[in-house]
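To start, the structure under review is shown below, and the notes come after it.
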Amino acid sequence: MGKARIGVYGLGTMGSALALNIAGRGIDVAVGNRETEWITPFVTGAGDLAGRIHACDRIEDLVAALDLPRVILFMIPAGAAMDAMIDAVTPLLAPGDVVIDGGNADFHDTIRRAAALADKGLEFVGLGVSGGEDGARHGPSLMVGGSDAGWQRVAPVLTAIAARHEGQPCVAHLGPDGAGHFVKTVHNGIEYADMQIIAEIYGLMRNGAAMPPAEIGAVFARWNAGPLRSYLVEITARILEYLDPETGHPMVDVITDAAGQKGTGRWTVIEAVRLGQSASMIEAALGARAWSSEKATRQAAEACLGGEVGTVDLPEETLAEAFLAARLLAHAQGFRVLAQASSDHDWALAPATIARIWRAGCIIRSALLDEIADAFDAGPPRGELILAPGIAGLLGRTVPALRAVVTAATGGGHAVPALSAGLAWYDTMRRGHGSANLIQAQRDMFGRHGFARLGQAGRHHGPWWA
Ligand code: 6PG
């Protein structure tokens, strides 16, 4: 066996799938794993691809199995495990070698690690990988952060394994150090919002219109053939068809309504707030997951506060339009966070490129991203997606349905936190004059904070201080 072009360390679900993807493109890959007993079954299970896989029990063996400059992709849990592996591998590497972190890392860690490795002459690439196991195996969306030199060294392999949208690889060098991991974090934030929107609309059909899951699944399947086409709509339609083999009930009905989370949605919200913004639909989705996991409290409250909800009788088309409006608003909020972080960190993120590499391979891939990419290509006024003429037109056509759905839902006592947050943001942004003048007056009255006056320069105080 000759040398391998790349090493993959970490043979969990994503690492195994990526290693097979790499081998499947005819690229020799060296693999290693902390639990060495996983390695042989992995190679055996690779079938015809085993000939391209170099099994390495020790990290030293993996480093020795690589062509120069060496490129090692770590697919291990984010956090302390990554720091420990960096400490273990860097003494074995030489200047010009590349360490890639393909986990869902906190981008602050990525910035710190990139600087530490640069001091040793090593390249550190923070790689956002989206698409779950299937994407990793057959073509993920890849969001790359790192230096130009690091990108040059990893581009051939990453381009070979990435998903394709109309022949274009869904991989891009988005900026230095933490840029790739930050974009992946916001991708996940939008993923949280889109999943919550879908769950709210499902909830209205299930609890407001008493539709059986399979019938709701058929609605999602119809939507997947139109402007709402997306991976999450597609899998929702499929999920809702399944029956529980144990009880024969719809599968979704026997799953506990308490959603988990691993951190990326929370990081998006924290960063948005730190940047002086509010990605309110992502916040709503995050909060809704937190509330969902307080199942015992909700059960106690149902007994004490009353859990009855009213009928919601809305045409399928109205729900579809509301969904499209909400999806669009959630993306617009996510892209605002990206734009603000880009200027804060001097990353020069290109929103059209990001929208393009999200069109295939990743969890939020959808038909809408084509329109979003086109809108960013044309350069929307103030860089705001909601001000792009095509997008503003689409919102104008679909927001009335969102308003009808939120009105009907709240009237019937159905919680729709993401849909209502989206509508509130839209209604705030479409008015040049709001009500924060009163807040400024209050701040001045209780704390002499001062305020700006319409049409006058400088800082002013109210007559209450005269
Ligand atoms: C992806 C996914 C993937 C995973 C996240 C979200 O793009 O492939 O975003 O990274 O689903 O970890 O997980 P939680 O919902 O558990 O936070």
Side-chain angles (χ1 to χ4, degrees), residues 10 12-18 20-21 73-79 81-82 100-107 109-110 126-145 158 161-163 165 170-172 174 178 180-199 230-236 239 255-272 279 281-293 327 330-331 334 337-338 354-366 369 418:
T13 308
M14 295 295 280
S16 306
L18 282 172
L20 292 175
N21 184 351
L73 167 60
F74 285 91
M75 295 302 299
I76 59 178
M82 189 62 206
I100 311 176
D101 176 3
N104 272 330
D106 181 331
F107 81 103
D109 288 340
T110 308
L127 177 67
V129 180
S130 180
E133 182 179 1
D134 197 54
R137 176 65 185 87
H138 301 289
S141 170
L142 298 172
M143 293 147 254
V144 181
L158 297 189
I161 65 168
H165 178 80
C170 290
V171 55
L174 299 172
H181 276 148
F182 186 74
V183 172
K184 173 64 187 0
T185 297
V186 174
H187 163 285
N188 283 21
I190 297 172
E191 172 186 305
Y192 274 47
D194 208 40
M195 290 168 77
Q196 178 64 25
I197 291 164
I198 291 172
S230 73
Y231 171 70
L232 284 170
V233 169
E234 178 197 324
I235 64 165
T236 302
I239 287 166
I255 297 176
T256 305
D257 56 327
Q261 51 175 308
K262 293 202 207 81
T264 44
R266 186 168 65 235
W267 296 342
T268 309
V269 171
I270 290 171
E271 249 351 85
M281 299 180 75
I282 302 174
E283 278 165 38
L286 182 74
R289 285 198 192 189
W291 293 336
S292 78
S293 60
R327 171 176 277 176
H331 281 73
V337 178
L338 288 173
I354 295 169
R356 265 195 220 99
I357 64 167
W358 285 350
R359 290 181 306 178
C362 69
I363 302 295
I364 63 168
R365 60 186 185 259
S366 73
L369 281 160

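This one's a predicted model, so the numbers in the text were calculated from it and none came from an experiment. Read the numbers this way: they start at 1 and go in the same order the structure lists the ligands and their atoms.
- Among all non-hydrogen protein atoms, the one lying nearest atom 5 (C) of ligand 1 is Asn188 ND2, 3.5 Å.
- In Arg266, neither the side chain nor the backbone holds a heavy atom less than 4.0 Å from any atom of ligand 1.
- Residue, atom and distance of the protein heavy atom nearest to atom 12 (O) of ligand 1 are Asn104 ND2, 3.2 Å.
- Between Val129 and ligand 1, a contact under 3.5 Å exists for no N or O pair.
- Close approach to Ile363 involves these atoms of ligand 1, each under 4.0 Å from a residue heavy atom: 1 (C), 2 (C), 7 (O), 8 (O).
- Remark: minimum distance from atom 17 (O) of ligand 1 to any protein heavy atom is reached at Tyr192 OH, 2.5 Å.
- Without hydrogens or angle criteria, Arg359 side chain to Arg356 main chain gives a donor-acceptor distance under 3.5 Å.
- Distances below 4.0 Å separate heavy atoms of Gln261 from the following atoms of ligand 1: 16 (O), 17 (O).
- Contact between Ser292 and Ala259 at its shortest, heavy atoms only, is OG-N, 2.8 Å.
- Between His187 and the options Phe182, Trp358, Tyr192, Trp267, a ring-ring contact (aromatic ring centres under 6.0 Å, His included) holds for only Trp358.
- Ranking the protein heavy atoms by distance from atom 4 (C) of ligand 1 puts Glu191 OE2, 4.2 Å first.
- Between the side chain of Arg365 and the backbone N or O of Cys362 there is at least one donor-acceptor pair closer than 3.5 Å.
- The two atoms that bring Val269 and Ile282 nearest to each other are CG2-CG2, 3.8 Å, heavy atoms only.
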* Go through Ile364 and His331 one step at a time and tell me if the side-chain contact (heavy atoms from CB on, under 4.5 Å) criterion holds. => CA-CA 10 Å; Ile364 63 168; His331 281 73; 4.2 Å; yes

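- Summarising the geometry of Gly102 relative to Val129, their closest heavy-atom pair is O-CG2, 3.7 Å, with the distance given to 0.1 Å.
- To the nearest 0.5 angstrom, Leu142 atom CG is 9.5 Å from Ile100 atom CD1.
- The shell of residues lying under 4.0 angstrom from ligand 1, judged by heavy atoms, includes Gly132.
- The minimum heavy-atom distance linking Ser130 with Ile363 is given by the pair OG-N, 3.2 Å.
- Counting all heavy atoms, side chain and backbone alike, Ala272 lies closest to Val337 at CB-CG2, 3.8 Å.
- Polar contact with ligand 1: present for Lys184 (N/O pair, distance under 3.5 Å).
- When only non-hydrogen protein atoms are considered, atom 16 (O) of ligand 1 lies nearest to Lys262 CG, 3.2 Å.
- In terms of protein heavy atoms, atom 8 (O) of ligand 1 is closest to Gly131 N, 2.9 Å.
- Considering backbone and side-chain atoms together, Ser130 places an N or O closer than 3.5 Å to an N or O of ligand 1.
- The single protein non-hydrogen atom nearest to atom 15 (O) of ligand 1 is Arg289 NH1, 2.8 Å, given as residue, atom name and distance.
- Atoms of ligand 1 lying under 4.0 Å from at least one heavy atom of His187, given by number and element, are 7 (O).
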